[in-house]
Each structure stands twice: as structure tokens, then as C-alpha cells.
Amino acid sequence: MSKFSEYIGSQFGNPRGIIGWICCKLMNSINRKMYKKTVSLLQLSENEKLLDVGYGNGLLLQLIFRNFNCKLWGIDISEDMRKLALKRNKCAVKAGKINLSVGDCCKLEFLDNTFNAITSVNTVYFWTDTQKGLSEIYRCLVPGGCFINVVYTKEWLDKLKYTEKGFKKFEPEELYSLGKQTGFSQVEVIEITKNKSFAVLYRK
């Protein structure tokens, strides 16, 4: 694996600077179908709360706000992405409905039973501790709340040079099992694109 490929892979895990901006624009294009599926799986009222884990430049949050006008929170590892996401979501900012922070999903600084829904698109590969991250998400969901975890298949990621290092890759069965171990009452795997991407819907 070349140093360049390794560097690009690290940018997908922690976008920063001009290269991070470019990578995020690329992800926005590639992930469109995944974002659309995420929004279709949500059911939220204006007074309900959603947390997006790894919001990047805020495109998914923008789509969610347009569809549900709900209260939004986000956590991302990159301060550069926070600035871009706030700029993109100026309507939600103006309405006082968005709160974005920099941090680690394995150490969520929220009270128990806070969110009606939590979303994550293509971030689970980079969590320092997958089980801990799921446990934190479970803790922060209200009873009956859902976590929508959208990812690319291991088969697909293995085709990409830059994912050779720094990416944890998962089969659907692994994420299903981890959800059950965490204590989610329902876990459902939903195919998005055959052999390429899927969503795991966890219900507390």
C-alpha cells in the first residue's frame, strides 16, 4: 500500500484541510443512495431529536432537516468538518435547531435516553471500539428509538486500495450480532445495493 493511498484513507476517517474538503465532496456524490435510504427509514416529528454520528460536511443533516424539521445534533472527529457543516446547515442554525460538536462516538457526552433516532453513514469502520460505540448509542437512545447504521460491504471495500489500512470491515452478520450483544431488542439488515451497501436498523 502506497503512502498516498494510506493518506487518502486517513482523510476519509478524519477529513481535514483542502484534501478533506475534496474527499467529503466525493463522499457526498458516492453516498447519495445511502443518504436517501437513511432518510426513508426515519420517522420523526418536529419536537423529536436526532443525532448524526460522523456528520462530515453536513449533507445528511441538511436532508433530514428538510424532510422533518426536527432538532438535530451531530458529533464528528473533525473541527474542519464542523465549520463546513454549520455553513451548509445555515437554515437549521437560523432556526435554532442544530448543535454540532467535535468528539468520539465511543464517549458520547449526552444523557441517557436523549435521542429518538441516531444515524451514521460510513463511520463504523473508524470507531476505536465498535462494541463501545454501539453501547454508547444504545444508552443515548430513548426506549423504542432507532439507530440506522449504513455501510459498504466488506466485499466492496476490499476492492479499494485506500481501505487496506485503517478500515474495519464488516459482514452484515457481524453488525447484526454486535447489535444483539449490545442489547437492542430488534436488529434488521436492509440491502441498499446488492453486494455493495446495506443498512442495519437497530431498535432499542
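Because the structure is predicted, anything quoted here is derived from the model rather than measured. FYI, the numbering just counts along the sequence from 1.
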Participant: Between the side chain of Tyr152 and the main-chain N/O of Phe198, is any donor-acceptor distance below 3.5 Å?
Facilitator: no
Participant: Side chains of Ile192 and Val150: does their closest heavy-atom pair fall under 4.5 Å?
Facilitator: yes
Participant: For Lys204 and Phe184, indicate whether the former's side chain and the latter's backbone hold a donor-acceptor pair under 3.5 Å.
Facilitator: no
Participant: Let me confirm one number: the CD1-OG distance from Ile137 to Ser135, rounded to the nearest 0.5 Å.
Facilitator: 9.5 Å
Participant: Less than 4.0 angstrom from a charged side-chain N to a carboxylate O is my criterion; do Asp158 and Lys169 meet it?
Facilitator: yes
Participant: Would you indicate whether the side-chain heavy atoms of Val200 and Pro172 approach each other to under 4.5 Å?
Facilitator: no
Participant: Side chain of Lys71, backbone of Ile98: donor and acceptor closer than 3.5 Å?
Facilitator: no
Participant: Are the side chain of Asn57 and the backbone N or O of Leu84 linked by a donor-acceptor pair below 3.5 Å?
Facilitator: no
Participant: Quick one: does any side-chain atom of Arg82 pair with a main-chain N or O of Leu100 as donor and acceptor, under 3.5 Å?
Facilitator: yes
Participant: Suppose the criterion is salt bridge (Lys or Arg N to Asp or Glu O under 4.0 Å): which pairs have a residue in residues 42-56, not counting sequence neighbours?
Facilitator: Glu46-Lys97
Participant: Please report the shortest heavy-atom distance between Val93 and Leu86, naming the atom on each side.
Facilitator: CG2-O, 3.8 Å
Participant: Using a 3.5 Å distance criterion without hydrogens, assess whether the side chain of Asn69 forms a donor-acceptor pair with backbone atoms of Phe65.
Facilitator: no
Participant: Measure the spacing between CG of Asp76 and OG of Ser101 and express it to the nearest 0.5 Å.
Facilitator: 9.0 Å
Participant: Does a side-chain heavy-atom distance below 4.5 Å link Thr38 with Leu60?
Facilitator: yes
Participant: Using modelled atom types only, decide if a donor and an acceptor are shared between the side chain of Asn89 and the backbone of Gly58 within a distance under 3.5 Å.
Facilitator: yes
Participant: Quick one about Ser177 and Gln181 (side-chain donor to acceptor, distance below 3.5 Å, no hydrogens or angles considered), yes or no?
Facilitator: yes
Participant: To the nearest 0.5 Å, how far apart are OG1 in Thr123 and CG in Asn149?
Facilitator: 6.5 Å
Participant: With a 4.5 Å heavy-atom cut-off, do Leu108 and Ile75 have their side chains touching?
Facilitator: yes
Participant: Check whether any side-chain heavy atom of Phe110 sits under 4.5 Å from a side-chain heavy atom of Trp73, and report yes or no.
Facilitator: yes
Participant: Show me the pairs that pass side-chain hydrogen bond (donor to acceptor under 3.5 Å, both in side chains) and involve residues 182-195, at least two apart or across chains.
Facilitator: Lys33-Thr193, Gln131-Thr182
Participant: Between Arg66 (side chain only) and Leu61 (backbone N and O only), is there a donor and an acceptor less than 3.5 Å apart?
Facilitator: no
